[in-house]
4 protein chains.
Amino acid sequence: MAIIVNKKEKRRNIALACQELLLEHGIDNITISQIAKTAGVGKGTVYEYFENKEDIVFEIITTFVVEYEKRFEEISTSDLATREKLFRFFNLLFENETARRHLVIYKEFLAISMVHEIPEMLRFSEEIQAKFVKFLHQILQEGIGRGVLQEGIEDYTHTMMLFGTGLVVDSRLGIYEIGKEIECFLDMIFMFKQGGAS
Amino acid sequence: MAIIVNKKEKRRNIALACQELLLEHGIDNITISQIAKTAGVGKGTVYEYFENKEDIVFEIITTFVVEYEKRFEEISTSDLATREKLFRFFNLLFENETARRHLVIYKEFLAISMVHEIPEMLRFSEEIQAKFVKFLHQILQEGIGRGVLQEGIEDYTHTMMLFGTGLVVDSRLGIYEIGKEIECFLDMIFMFKQGGAS
Amino acid sequence: MAIIVNKKEKRRNIALACQELLLEHGIDNITISQIAKTAGVGKGTVYEYFENKEDIVFEIITTFVVEYEKRFEEISTSDLATREKLFRFFNLLFENETARRHLVIYKEFLAISMVHEIPEMLRFSEEIQAKFVKFLHQILQEGIGRGVLQEGIEDYTHTMMLFGTGLVVDSRLGIYEIGKEIECFLDMIFMFKQGGAS
Amino acid sequence: MAIIVNKKEKRRNIALACQELLLEHGIDNITISQIAKTAGVGKGTVYEYFENKEDIVFEIITTFVVEYEKRFEEISTSDLATREKLFRFFNLLFENETARRHLVIYKEFLAISMVHEIPEMLRFSEEIQAKFVKFLHQILQEGIGRGVLQEGIEDYTHTMMLFGTGLVVDSRLGIYEIGKEIECFLDMIFMFKQGGAS
DNA sequence: TATGAATGAGTATTCATTCAT
DNA sequence: CATGAATGAATACTCATTCAT
């Protein structure tokens with residue numbers, strides 16, 4: 001019986017093998033030749049499993065996203081204080097050197113996605129966004145349940161996500177200090193409960 | 001005697017002549033040949049007034065930014081209701097077809113700026129951001145003075161700007177509806193005055 | 001299974017195919033497009049086998065040098081009279097129309113090598129020079145053995161090579177007549193044996 | 001009465017002002033703009049006095065040649081020993097840092113002259129060569145008169161000049177040590193008098 | 001006489017993708 | 001299944017020279 005290689009699995013294996021390569025070179029500078037060599041296969045073989053370069057880069061990024069989904073879930077299901085959870089949620093891509101390397105790739109992905117508006121990428125972004133919205137929503141609900149957040153605040157989940165995106169994009173500007181901006185934002189969120197800004 | 005040309009003015013003239021060209025082709029697809037032809041000068045002449053391609057594209061974008069600065073100032077100094085001003089502020093790049101064409105270029109610029117972090121571009125972005133922060137701040141202060149916004153809300157100017165950036169970037173995703181998201185965000189801002197979300 | 005190509009051989013084949021092209025256009029005017037077309041391959045293929053334009057021009061020149069090495073060796077191992085060998089040695093690049101076309105390329109190479117002093121070119125020149133020194137030395141040794149040249153004359157091999165280089169470079173000047181200059185030089189060399197210039 | 005500027009003198013003045021500039025940048029990298037600025041005139045003015053770039057570079061080099069003619073004459077008319085004179089003659093372009101900077105320009109000139117064979121340059125080269133031949137001839141004649149050189153050696157003046165050219169060209173190769181090569185060559189020249197190499 | 005603004009030709013190089021074996 | 005040799009489109013930039021003033 002011939003060995004049937006699970007196509008999906010092989011895709012993932014090639015992608016996993018190239019995580020570090022992508023972090024090293026970035027989306028624009030990574031080449032198919034490097035990918036093939038790093039994955040230990042021929043260039044033609046890469047094209048057996050992937051439609052085009054975009055497709056493979058995409059898959060590698062997916063491996064990162066999967067990791068971060070876990071991280072977000074851990075945060076949302078942990079027993080930390082609500083405010084701490086929210087801080088970690090927004091700070092996840094900035095918290096250390098490793099995260100910041102991932103941030104670089106995420107920004108590259110965002111840049112391509114912004115400019116080219118490839119349907120597949122958009123769908124992918126929407127899916128990710130939806131998942132993150134879900135986790136954020138959970139944290140907020142729990143905060144309301146715990147009595148530390150005002151009821152109705154969950155209506156602003158989208159608003160918060162947009163703030164998060166702005167944070168990623170504008171983190172490059174010296175005028176913003178990530179930690180401080182997040183704290184400031186959280187102050188605003190938590191202020192409702194205290195009866196407004198008075 | 002030789003002609004003395006005002007270098008700065010010629011730069012601006014060439015840039016102005018190429019506004020439409022940039023909107024048509026985008027930052028990545030515009031070529032020096034097109035620029036020269038459109039501006040009605042030789043390629044060499046372009047290089048008399050600009051360091052390189054980046055420099056000229058930059059200048060064209062600047063012409064747009066200058067226009068928008070005026071628009072933002074008009075909004076902030078108009079006699080509209082505070083909420084209306086804020087809505088227009090955040091909606092400016094989405095309000096009509098022309099604006100959305102400019103949005104495309106702005107996103108391209110943002111994309112490059114995000115990925116390449118060229119010092120000059122960063123400085124430029126910071127300057128723009130600073131100006132917009134100023135206008136936003138004015139609106140907020142006025143709102144407080146008018147008694148429609150809670151005192152202290154001006155501390156969240158940065159937060160609001162980051163929301164605005166997120167709006168620009170994530171406007172490509174179908175899950176967000178710009179107008180609705182802005183209204184939602186404004187609801188949040190104005191809710192403080194009403195004594196929280198209760 | 002994929003084709004395995006002998007990289008070194010393909011390099012040589014491309015280079016050989018372009019010998020005439022180089023003679024026709026010269027080092028400075030030859031283009032990669034011409035090279036690719038002449039060799040019957042795509043431009044990209046040329047870059048599969050060569051680092052850059054310099055590299056390929058270099059290889060073509062090498063094919064000429066290899067030919068001339070053979071010629072020099074033939075001269076040095078022939079059974080001609082020593083004086084005749086020496087004459088042919090110095091006259092090799094001037095002896096006929098074909099040789100003079102090669103001379104043109106050699107001068108172009110020399111010109112680049114002189115002005116840019118690229119390490120690789122220098123090494124190459126030194127290697128060639130060393131080989132020619134060797135052949136010249138052989139001829140001289142043989143002449144001494146045959147009793148037509150004075151012992152010790154082999155110490156002047158370098159001097160003779162420098163004369164040869166000067167001949168190549170200054171052959172462009174009307175005040176020198178190659179054949180005569182060589183004969184004159186040989187007179188000098190052979191005069192020692194006759195007990196000086198007396 | 002209008003001031004009549006002596007065209008020839010203005011040419012020389014511009015050329016003299018650019019000596020250092022040429023040494024700094026070399027023939028290939030010097031630009032008309034730099035020349036004009038350095039000479040304190042407009043680009044158009046340069047073209048009033050010179051046909052083209054070649055013409056001006058040419059004139060600058062001529063200023064150097066004029067200097068060296070003096071040096072050669074000094075050597076040939078000095079009261080040094082004949083051997084010392086000859087050594088200095090051949091070593092003049094290598095004797096110190098300044099000379100070596102001039103050597104660079106001379107090699108650049110030689111390179112262009114070799115490859116392009118522009119009639120004007122050839123004539124110029126022939127003139128220079130003729131002058132140097134004259135000085136060399138003087139030294140040799142004097143040596144013969146002094147009884148340190150064999151009669152008839154003056155027939156080899158051309159040969160010696162060709163050796164000198166080879167020295168300039170091949171000085172770039174590590175296998176030659178200028179001083180040693182000159183001494184070796186002189187040994188050969190002076191050996192005749194001693195009755196051959198015996 | 002002096003100026004300097006305007007000009008435009010010309011070419012190396014990369015890398016995603018294909019397809020013969 | 002796997003391979004890797006072959007491909008070719010597409011574009012920024014320099015600088016000598018001219019000529020209107």
Side-chain angles (χ1 to χ4, degrees), chain A residues 2-5 7 10 28-37 40-57, chain B residues 1-7 10 28-37 39-56, chain C residues 1-7 10 28-37 39-56, chain D residues 2-5 7 10 28-37 40-57:
Chain A
I3 300 163
I4 303 290
V5 177
K7 205 141 187 167
K10 184 115 185 188
D28 288 337
N29 301 310
I30 203 172
T31 69
I32 291 288
S33 292
Q34 290 175 321
I35 288 169
K37 187 181 286 182
V41 298
K43 264 189 292 189
T45 309
V46 172
Y47 278 86
E48 284 294 318
Y49 294 95
F50 298 93
E51 289 291 319
N52 47 38
K53 190 189 173 185
E54 191 179 272
D55 192 21
I56 167 122
V57 168
Chain B
M1 207 168 64
I3 307 155
I4 302 285
V5 176
N6 183 330
K7 210 141 188 166
K10 184 115 187 187
D28 289 335
N29 301 310
I30 204 172
T31 70
I32 291 289
S33 293
Q34 290 175 321
I35 289 170
K37 189 179 288 182
V41 298
K43 259 186 297 187
T45 309
V46 173
Y47 281 90
E48 283 292 317
Y49 295 93
F50 299 93
E51 291 290 321
N52 47 39
K53 192 187 170 183
E54 190 180 88
D55 193 21
I56 169 133
Chain C
M1 208 166 64
I3 308 155
I4 302 286
V5 176
N6 183 329
K7 210 139 188 168
K10 184 116 188 187
D28 289 336
N29 301 308
I30 202 172
T31 69
I32 291 289
S33 292
Q34 290 175 321
I35 289 169
K37 189 179 287 182
V41 297
K43 262 189 292 190
T45 309
V46 173
Y47 280 89
E48 284 291 318
Y49 295 95
F50 299 92
E51 291 290 321
N52 46 40
K53 192 187 171 184
E54 189 181 90
D55 193 21
I56 169 132
Chain D
I3 300 164
I4 304 289
V5 179
K7 205 144 188 167
K10 184 114 185 187
D28 288 337
N29 300 310
I30 203 172
T31 69
I32 292 288
S33 292
Q34 290 174 321
I35 288 169
K37 188 179 287 180
V41 298
K43 263 188 294 187
T45 309
V46 173
Y47 278 88
E48 284 294 319
Y49 294 95
F50 298 92
E51 290 290 319
N52 47 38
K53 189 188 174 185
E54 191 179 90
D55 191 22
I56 167 121
V57 168

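So you know, we letter chains A, B, ... as the sequences are listed, proteins then strands, and number each from 1.
- Rounded to a whole Å, the CD1 atom of A/I35 is 16 Å from the C1' atom of F/dG4.
- Note: CD (B/Q34) to C1' (F/dT11) measures 11 Å, nearest angstrom.
- Residue A/F50 contributes atom CZ, which lies 16 Å from atom P of E/dT18 at whole-angstrom precision.
- For C/A39, the side-chain contact (heavy atoms from CB on, under 4.5 Å) test picks out C/I14, C/A17, C/C18, C/V41, with sequence neighbours left out.
- In this structure, the separation between CG on A/N52 and CD1 on A/I32 is 8.0 Å, given to the nearest 0.5 Å.
- A/N29 approaches A/Q34 most closely through the heavy-atom pair O-OE1, 3.7 Å.
- Stem list for DNA chain F (at least 3 consecutive Watson-Crick or G-U pairs, distances under 3.5 Å): E:2-21 with F:2-21.
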Enumerate the protein-to-nucleotides 13-16 of chain F contacts in which both atoms are nitrogen or oxygen and the separation is below 3.5 Å.
| unit_1 | atom_1 | unit_2 | atom_2 | d |
| --- | --- | --- | --- | --- |
| F/dC13 | OP2 | B/Y47 | OH | 2.7 |
| F/dC13 | OP2 | B/K53 | N | 3.2 |
| F/dC13 | N4 | B/K43 | NZ | 2.8 |
| F/dA16 | OP1 | D/K53 | NZ | 2.9 |
| F/dA16 | OP2 | D/I32 | N | 3.0 |

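- Pairs of residues two or more places apart, or lying in two chains, that qualify as salt bridge (Lys or Arg N to Asp or Glu O under 4.0 Å) and include a residue from residues 45-57 of chain D are D/R11-D/D55.
- Following rounding to the nearest Å, C/K37 (NZ) and F/dT7 (P) show an atom-to-atom distance of 14 Å.
- The minimum heavy-atom distance between B/S33 and B/K43, with the atom names listed, is OG-CD, 3.8 Å.
- An OP1 or OP2 oxygen of E/dA2 is reached within less than 4.0 angstrom by a side-chain nitrogen or oxygen of D/K10.
- Straight-line distance from the OH atom of B/Y49 to the P atom of E/dG4: 13 Å, rounded to whole Å.
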